[in-house]
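Single-structure report; data block below.
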Amino acid sequence: MPAPALSAQDLSEFRTVQQLAYRCAQAIAAELKPGISEKEAAALMKTWLQDHGVRDWFHQSFAWFGPRTAFKGFDGLRHLGGFNLAFYPGKQVAA
């Protein structure tokens, strides 16, 4: 069964949420300093989003530094049924 078509309002709301997420990423990127961990950056993102009215999540915020940003070494999610701890922020720090 095909997915229902999105309304103009649905698309507008989607754009609004995407713009909020982008503004969050830009704001936190401006605060990054050498030595901050992925977990710390993700926590900053979560706080920023909550401060801007977000109360519900499709997924929690995450940040990746270094080779993970290019998905190096990932073989996908097939073997874990869609759940992969490698996608969670870790102890990697910004250089």
- To the nearest 0.5 Å, what is the distance between CG (Leu32) and CG (Leu44)? 8.0 Å
- Query: Could you state the interatomic distance from CD (Gln26) to CD (Gln19), rounded to the nearest 0.5 Å?
  - Reply: 11.0 Å
- Would you confirm whether Ser12, through its side chain, and Ala8, through its main-chain N or O, come within 3.5 Å as a donor-acceptor pair? no
- Item | Those residues that, when tested against Val54, pass side chain to side chain contact (heavy atoms under 4.5 Å, CB included) (two or more places apart) | Leu20, Leu49, Trp57
- CD on Glu31 to CH2 on Trp48, rounded to 0.5 Å: 10.5 Å
- Message: Does atom CD (Gln9) have a neighbourhood of more than 12 heavy atoms from anything else shown, all under 6.0 Å?
- Response: no
- Message: Once side-chain hydrogen bond (donor to acceptor under 3.5 Å, both in side chains) is applied, do any residues pair with Gln18, and if so which ones, sequence neighbours excluded?
- Response: none
- Message: Is there a side-chain contact between Glu38 and Trp64 in this structure, where contact means two heavy atoms from C-beta onward sitting under 4.5 Å apart?
- Response: yes
- Task: Working to the nearest 0.5 Å, report the span between NE2 of His52 and CZ of Arg23.
- Result: 6.5 Å
- Task: State the CD1-CD distance between Ile28 and Glu40, to the nearest 0.5 angstrom.
- Result: 12.0 Å
- Task: Look at the side chain of Asp10 and the backbone N and O of Ser7, then say whether any donor-acceptor pair between them is shorter than 3.5 Å.
- Result: yes
- Gln50 versus Arg55: any side-chain heavy-atom pair under 4.5 Å? yes
- Which atom of Ala42 lies closest to which atom of Phe62, heavy atoms considered: CB-CA, 3.9 Å
